[in-house]
Amino acid sequence: MVRVPFRAAAHRVRHRLSQLVRPKSRTRKPAAAPGGLGAGSGAPKPYVRALGMLGVVVIGAWLGLLAVGSIRTPVGPMDTSMTLRPSLTGGSKINVSPLGALELDSHIAPLRLDVDVDRLDPVRSQALVDQPERFSGLQDEVTRDVAAGTRELAVRSCVAVISGATALGLVVYRRPRRALAAGGLALTLLAASGVSAYATWNPKSVLEPKFSGLLSSAPSLVGDARSIVTEFDIYQQELARLVTNVTRLYDATSTLPVYQPDPGTIRALHVSDIHLNPAAWHIIASLVKQYEIDVIIDSGDTMDHGSAAENGFLDPIRDLGAPYVWVRGNHDSKVTQAYLEKFRNVRVLDNGRAVNVAGLRIAGTGDASFTPDRTRPVGGKAAAELEGMRLASALRDQEQAGTPVDIAVAHDPATARQTDGTVPLVLAGHLHNRVNEQLKGGTRLKVEGSTGGGGLRAVQNEKPEKVRASVLYLDRSTRRLQAWDEITLGGLGLTTAEVSRHLPEENLEKETPASPSPSPSPTGSPARPTPSP
């Protein structure tokens, strides 16, 4: 009973499409009378036929790719499936089910490469476990496997798009010549897409992956930040590291291994604008444990009204498992500040005060205004900038005293901007959005979003605000920023997350030779490069 209307609908769709793309009958029509319409006035216009042909080619090629445009190929110890998919942005996506997926901005083309990790081959993976020295040669093996798989996928995709477009052309036009023309045009489009992908190929994309999936899997899968050494091939080295991480995740017990970060880095967790959301403490504690954080830096607005009644909300800070550096925001009061100063693991920064913690020297200042409910007079931008000038003066004094500051912290970005040229890195919050900017004087400004998802007042919004925090990787000898992971949770959850790896622009310049290790200063502490003037 259902087949009859379905067949009728399918016939009508095919008839409509045929009217657009197939010319009228070749039967010669009588010449039009003078003053009448010209002969062949009922024939489709050329651009309509061209659009119809293009639609047949695109749809046929897409159907061909869906049907046969996939291969199974080994990559190191993993068995994978590679597939080309139509896409408006291009790039590559590596699915590591059930842990999550990695997206790489590898190329710009109307095709995306999907790689699904199906399973870990027990024989090949056991060989790696029994012979750890084989990991050193894994990058060449992985490169060969990926190259072989890509070549096979290219051949399979050519056959798929030609077959799909030709078959659909034959169904629509019912003329072999037009069907072959559709197949040839499909091959041309695929070749153009391949040229575009080759011309825009970015091997450094593996250094800045975007992870989405289980939050607990993110550090082990993405791995720790690593310095770029120009004498090694970036693509081979990092792709092999990714395969190694996946291999370890799919170990015999199928449990997550202990995360082993690079001992050459200091890991700082930047949080901000918690605004009395108790879920933030669970998120921060989870990140501290998973990433083995050395220090937490809070750029303010931990409270909502700064009242003494709210102070109990701060007590979980004692049990976060890492030193906590804090500056006052415009929703935090001096009462809040005095309460936090009593905590043994908290370092409260104000008026340019500097402290040494986790191998870093950090200085900061509290917000110039206290405006919990916006009813009191506000000092505005002028007060924020004046406070920033005081902080910059304190940073210069530290430099002259031989104790240069590595990171400055303020709540308001207007305050933070005044430190340009006096410190390599300055952190802020207040905006509930991320900002990453290289200032003119050489200082990098990083503004964090709301780690509390906008706080409890966010439930009044139509959509809950996302929870944001960042893991900063700093070189242990130079204390300069190597990379950072932007962590985003979709509201009030710990189960899934999005983690994006970013590197400073100077670390992405492959042509620049690697900087030599800094020589010790006369005092015995490592020399720190100063910001460019």
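Side-chain contact between Glu310 and Thr336 is absent, with no heavy-atom pair separated by less than 4.5 Å. Side chains of Pro74 and Asp79 form a contact here, defined as non-hydrogen atoms less than 4.5 Å apart. Considering only heavy atoms from C-beta on, His275 comes within 4.5 Å of Asp273 through its side chain. Two residues are said to be in side-chain contact when any heavy atoms from C-beta on lie closer than 4.5 Å; Asp332 and Leu340 fail this criterion. Between Thr73 and Thr80, some side-chain heavy-atom pair lies under the 4.5 Å cut-off. Here the side chains of His430 and Pro413 are in contact, with some heavy-atom distance below 4.5 Å. Counting only heavy atoms from C-beta outward, the side chains of Asp406 and Leu474 never approach each other to under 4.5 Å. Counting heavy atoms from C-beta on, the side chains of Phe211 and Ser500 never come closer than 4.5 Å.
Of the possible donor and acceptor atoms, none in the side chain of His411 sits under 3.5 Å from a partner among the backbone N and O of Thr415. Distance alone, capped at 3.5 Å, is enough to place a donor-acceptor pair between the Thr200 side chain and the Ile108 backbone. No side-chain donor-acceptor contact under 3.5 Å links Arg267 to the backbone of Tyr473.
To the nearest 0.5 Å, atoms CD1 (Ile297) and CG (Leu360) are separated by 7.0 Å. How far CZ of Arg417 is from CE of Met389: 14.0 Å, rounded to the nearest 0.5 Å. Rounded to the nearest 0.5 angstrom, Trp326 CH2 and Leu314 CG are separated by 8.0 Å. A distance of 7.5 Å separates OG of Ser70 from CG of Asp116, quoted to the nearest 0.5 Å. Atom CZ of Arg347 sits about 7.5 Å away from atom CG of Asn345, to the nearest 0.5 Å. If you take OG on Ser299 and CG on Asp412, they are separated by 10.5 Å, rounding to the nearest 0.5 Å.
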Pair Ile274, Asp298 - check side-chain contact (heavy atoms from CB on, under 4.5 Å), show working. CA-CA 9 Å; Ile274 293 173; Asp298 186 340; 3.9 Å; yes
Let's go through Phe343 and Val348 carefully: what are the C-alpha distance in whole Å and the side-chain angles of both, what is the deciding distance for side-chain contact (heavy atoms from CB on, under 4.5 Å) to 0.1 Å, and is it a yes or a no? CA-CA 10 Å; Phe343 291 14; Val348 174; over 6 Å; no
Step by step, would you call Asn433 with Val447 a side-chain contact (heavy atoms from CB on, under 4.5 Å)? CA-CA 7 Å; Asn433 282 307; Val447 180; over 6 Å; no
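Remark: Glu387 engages Arg390 in a salt bridge, criterion side-chain N to carboxylate O under 4.0 Å. Taking the charged nitrogens against the carboxylate oxygens, Arg318 and Asp315 do have a contact shorter than 4.0 Å, which makes a salt bridge. Taking the charged nitrogens against the carboxylate oxygens, Glu486 and Arg468 have no contact shorter than 4.0 Å, which rules out a salt bridge. Remark: Asp350 engages Arg328 in a salt bridge, criterion side-chain N to carboxylate O under 4.0 Å. Under the 4.0 Å criterion applied to side-chain N and carboxylate O atoms, Lys93 and Asp114 are not assigned as salt-bridge partners.
Between Arg444 and Asn436, the side chains place a donor N or O and an acceptor N or O closer than 3.5 Å (distance only, hydrogens not considered). With 3.5 Å as the limit, one finds a donor-acceptor pair spanning the side chains of Ser470 and Glu448. Side chain to side chain, Gln398 and Thr403 meet the donor-acceptor criterion of an N or O pair below 3.5 Å.
Screening Thr443, Asp420, Ile407 against Val426 for a side-chain contact (heavy atoms from CB on, under 4.5 Å) leaves a single residue, Thr443. Screening Asp367, Thr365, Val409 for a side-chain contact (heavy atoms from CB on, under 4.5 Å) involving Val327 leaves a single residue, Val409.
With sequence neighbours excluded, no residue satisfies side chain to side chain donor-acceptor pair (under 3.5 Å) with Ser193.
In this structure, His502 and Trp484 have parallel ring planes: the angle between them is below the 30° cut-off, well short of the 60° mark. Relative ring orientation between Phe313 and Trp281 is described as tilted, the plane-to-plane angle lying within the 30° to 60° band.
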